[in-house]
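If you're wondering where the values come from, they're calculated on a predicted model, not measured in any experiment. Each chain gets a letter, A, B and so on, in the order its sequence line appears, and its residues count up from 1. Values reported hereafter were calculated over all heavy atoms of this structure, with side chains retained and with hydrogens, waters and symmetry mates removed.
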Amino acid sequence: MSGTLAPLPHPVRAAALARLPALQGTYPAAFRVMNSTRLGVFLLWLAGTALLFLGLWRLGVEPSRLATGLGQMWHFLGLMLPPDPGSWANVRSILHALAETLAIAFLGTFGAALVALPVGLLAARNATIHGIVRFLSRRVLDGIRGVDALIWALIWVGIVGLGPFAGVLAIFTSDIGTLGKVFSEAIEAADRRPQEGVVAAGGSGVARIRFGILPEVVPVLAGQVLYFFESNVRSSTIIGIVGAGGIGLHLAEMIRTLEWPTVSFIILLILVMVAVIDLVSGRLRQRLMG
Amino acid sequence: MSGAAAAGLPLLPAARLAPLLAAVAAEKAAARRRFWLSAGVLLALALLAGWVAQVDAGRLLTHGDRFFGYFARLLTLEAGDRAGQWVWQDPGEWLWGLRHWLALLGDTLLMAYVGTLLGATGGFLFGLLSAANITRSAALRWVVKRVLEFCRTVPDVVFALIFVIAFGLGPLPGVLAIAIHTFGALGKQFSEIVENIDLKPVEGAVAAGADWPAMARFAVVPQVLPGFLAYGLLRFEVNVRGAAVLGFVGAGGIGQDLIEAIRKFYYNDVAALLLLIILTVVLIDTGTSILRRKLMEERA
């Protein structure tokens with residue numbers, strides 16, 4: 001009888017059952033099987049499931065395709081182990097590509113942080129010049145955020161050519177949007193009292209921001225920059241697929257030429273690199289907050 | 001200090017004041033040193049990174065105007081009666097493939113929805129299994145956590161690349177890639193929510209004789225459901241963006257048309273598709289924010 005509560009020992013159960021008719025009389029609504037909220041939830045669940053099956057049908061998720069595909073995956077998995085880069089020259093080029101990936105993430109994130117700080121100030125209710133400026137900055141940031149880093153990478157490759165520089169610019173531009181929004185939310189959440197103190201002591205608007213908002217908010221912003229640096233290391237690993245430098249191009253090539261042992265080696269190194277970065281960044285964030 | 005004296009506040013005698021002032025000055029000097037040291041380290045790292053990533057500021061300056069030129073070209077009509085004018089002046093010509101693109105956008109949204117739902121279901125179960133206060137076996141928790149970590153760290157584009165070779169082109173590998181990545185990400189977030197619940201209902205259910213599934217159903221799920229739904233909606237928002245680009249590697253959706261248009265220099269199509277993608281993402285973002293806020297209010 002799993003999924004239901006086992007019956008309680010007799011005296012307690014008997015007493016509860018004896019009170020049941022009285023409770024049903026006093027609170028009829030609680031004992032009704034179906035009420036409007038439950039009906040709403042049920043309909044929502046029904047609609048969600050219907051949409052799921054529509055999606056499965058429309059997107060071609062058929063059991064036969066799944067079965068053949070899983071068979072292939074099993075076959076590839078066998079070929080992927082043990083991971084084997086093939087040659088020392090390969091290892092050197094893979095390590096170089098990983099260093100490029102880190103460099104792209106680093107420059108992109110911190111460059112974007114520098115630009116996102118003033119933009120975030122403009123997009124924050126308590127630090128902006130005018131309501132219209134705030135509205136426009138928010139919309140611009142939303143627009144930039146809506147375009148994925150991979151798409152920016154394609155655009156920048158078209159402008160500055162193939163290579164990691166396009167990747168740096170792609171992370172830089174897409175992060176201005178994300179960091180700008182996150183910064184503005186942190187700035188808006190700043191405590192009012194230091195700002196009021198600065199204004200009461202005769203500070204100008206700029207002084208209010210510099211002495212009233214920034215000292216409290218900068219550690220929070222720095223923590224968020226570190227968090228997004230972690231996330232950008234992951235993004236940088238894939239923008240190489242469109243030619244914007246880093247390990248992505250290598251990985252895509254190896255997958256397309258079915259060199260499975262090298263693929264698993266590269267994925268392993270990516271996992272290690274991300275774990276190390278997460279650890280370092282986590283420690284730094286703790287020191288900032290603590 | 002003369003101001004304080006003028007205000008009638010008592011001053012410390014100079015002998016006691018001097019060491020305090022010295023300590024404040026030393027602290028400020030130390031803080032300033034720390035600041036410049038960190039700034040120096042950051043600058044050194046940035047220069048190193050710039051060298052490794054072949055950053056060429058000169059190239060950016062000379063080709064910088066290309067950035068705006070590129071966007072100007074995107075927004076200038078190339079063909080049709082009004083060639084040479086802004087794209088929005090001839091919407092019929094600019095949005096010629098609107099019906100086809102809207103269908104592709106619908107497919108993209110469906111991909112994100114199905115992938116998120118499938119991933120959330122698995123993540124729900126594995127999140128419960130990896131929570132320290134619900135699952136007793138440390139070994140089981142460790143294995144589950146490592147599986148979730150693997151699925152979360154490998155980017156969904158990499159899964160999509162491999163799945164395209166195994167399952168063929170089309171949206172199917174995309175859905176699977178999104179599902180697996182979501183499974184890892186939501187599994188971790190779910191386990192964090194579960195580890196923060198009130199244990200009293202759990203103890204009550206266990207004391208009344210509930211086995212593990214019953215305990216989960218009656219004591220854990222009611223507490224964590226709003227949080228689960230909120231994280232699920234957030235992940236759906238992220239997955240819509242992800243689904244839009246999975247088409248780059250052949251995994252279906254609007255990404256396939258976008259990368260084709262960019263590589264074949266169909267500038268106006270690029271502008272149209274980017275506009276559609278941005279509008280969709282903004283709509284989904286706003287919608288899910290509203291839903292998430294309602295969930296949070298309900299919880300409070």
Side-chain angles (χ1 to χ4, degrees), chain A residues 2-8 48 51-52 54-56 58-61 65-66 68-70 72-73 76 99-100 102-104 106-107 110 142-143 145-148 150-151 154-155 158-160 163-165 167-169 234-235 237-238 241-242 245 251-252 255-256 258 263 267 270-271 274-275, chain B residues 42 45-46 48-56 59-60 63 66-67 70 107 110-111 113-114 117 150 153-155 157-158 161-163 165-168 170-176 205 208-211 213-214 217-218 241-242 244-245 248-249 252 258-259 262 274 277-279 281-282 285:
Chain A
S2 86
T4 59
L5 291 173
L8 295 171
L51 195 58
L52 174 66
L54 172 72
L56 288 176
R58 170 124 176 113
L59 300 172
V61 181
R65 272 189 83 184
L66 280 174
T68 40
L70 283 172
Q72 284 274 59
M73 279 303 305
F76 292 159
E100 236 179 52
L102 275 180
I104 291 175
F106 182 82
L107 281 176
F110 286 97
D142 280 343
R145 264 178 67 225
V147 179
D148 196 70
L150 205 52
I151 303 182
L154 269 177
I155 295 178
I159 297 175
V160 295
F165 190 28
V168 172
L169 290 167
R234 289 178 171 83
S235 310
T237 59
I238 53 175
I241 293 178
V242 296
L251 188 56
I255 292 179
R256 293 208 167 113
L258 307 180
V263 167
I267 292 184
I270 292 180
L271 289 175
V274 168
Chain B
L42 268 180
L45 280 176
L48 176 67
W51 174 70
V52 171
Q54 301 169 22
V55 167
D56 190 350
R59 204 164 16 141
L60 182 59
H63 297 323
R66 270 205 219 164
F67 182 73
Y70 188 86
D107 275 356
L110 271 178
M111 267 172 70
Y113 176 72
V114 174
L117 208 53
F150 178 78
T153 312
V154 179
V157 180
V158 173
L161 269 172
I162 302 180
F163 290 164
I165 302 198
F167 293 87
L172 174 57
V175 170
L176 291 173
D211 54 3
R217 158 81 179 85
F218 291 106
R241 256 179 270 244
V245 295
F248 285 9
V249 298
L258 180 57
I259 196 173
I262 292 183
L274 280 180
I277 292 179
I278 293 178
L279 279 178
V281 167
V282 167
D285 278 11

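Ranked by heavy-atom pairs under 4.5 Å with chain B, the list A:Asp142, A:Val61, A:Leu56, A:Leu51 is led by A:Leu51. Top candidate by heavy-atom pairs under 4.5 Å with chain B, chosen from A:Leu107, A:Val274, A:Leu271, is A:Leu107. Contact count against chain A (heavy-atom pairs under 4.5 Å) is highest for B:Asp107 among B:Asp107, B:Leu176, B:Val249. Here B:Thr153 is the residue among B:Ile259, B:Thr153, B:Val281, B:Val158 with the most heavy-atom pairs under 4.5 Å with chain A. Among B:Val282, B:Val175, B:Leu42, the residue making the largest number of heavy-atom pairs under 4.5 Å with chain A is B:Leu42. Between chain B and the residues A:Leu154, A:Val168, A:Ile270, the most heavy-atom pairs under 4.5 angstrom are made by A:Leu154. The choice from A:Arg256, A:Arg65, A:Met73 that makes the most heavy-atom pairs within less than 4.5 Å of chain B is A:Arg65.
The shortest distance between side-chain heavy atoms of B:Ile165 and A:Phe76 falls below 4.5 Å.
Between atom CG of residue B:Leu161 and atom CD1 of residue A:Ile255 there is a gap of 4.5 Å, rounded to the nearest 0.5 Å. Distance check: B:Ile162 CD1 to A:Gln72 CD gives 12.5 Å after rounding to the nearest 0.5 Å.
When all heavy atoms of A:Leu59 and B:Pro171 are compared, the closest pair comes out as CD2-CB, 3.7 Å. Closest approach of A:Phe106 to B:Ala49, counting heavy atoms only: CD2-CB, 4.0 Å. Between A:Thr237 and B:Pro155, the shortest heavy-atom distance links the atoms OG1-CG, 3.7 Å.
Both the backbone and the side chain of B:Leu45 come within less than 4.5 Å of a heavy atom of chain A. For chain B, the nearby part of A:Arg58 is the side chain; its heavy atoms alone come within less than 4.5 Å. Looking at B:Ile262, the atoms closer than 4.5 Å to chain A (heavy atoms on both sides) all sit in the side chain, from C-beta outward. A:Leu102 does not touch chain B: none of its heavy atoms, backbone or side chain, sits under 4.5 Å away. Contacts between B:Ile277 and chain A at a heavy-atom distance below 4.5 Å involve the side chain alone, from C-beta outward. Heavy-atom distances place no part of B:Leu279 under 4.5 Å from chain A, backbone and side chain included. Contacts of A:Leu258 with chain B are made by side-chain atoms alone, with heavy-atom separations under 4.5 Å and no backbone atom involved. Proximity to chain A (any heavy atom under 4.5 Å) is restricted, for B:Leu274, to the side chain, taken from C-beta onward. In this structure, chain B has a heavy atom under 4.5 Å from the side chain of A:Leu251, while its backbone stays farther away.
Under the rule for a ring pair (Phe, Tyr, Trp, His ring centres under 6.0 Å), the partners of B:Phe163 that lie at least two apart in sequence or sit in another chain are B:Phe159, B:Phe167.
Checking each of A:Asp148, A:Ile241, A:Ile238, A:Ile151 against B:Phe248 for a side chain to side chain contact (heavy atoms under 4.5 Å, CB included) leaves exactly one that passes, namely A:Ile151.
Remark: B:Asp211 does not engage B:Arg217 in a salt bridge, criterion side-chain N to carboxylate O under 4.0 Å.
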task: Show the numbers, then the answer: is there a side-chain contact (heavy atoms from CB on, under 4.5 Å) between A:Arg145 and B:Asp285?
output: CA-CA 11 Å; A:Arg145 264 178 67 225; B:Asp285 278 11; 3.3 Å; yes
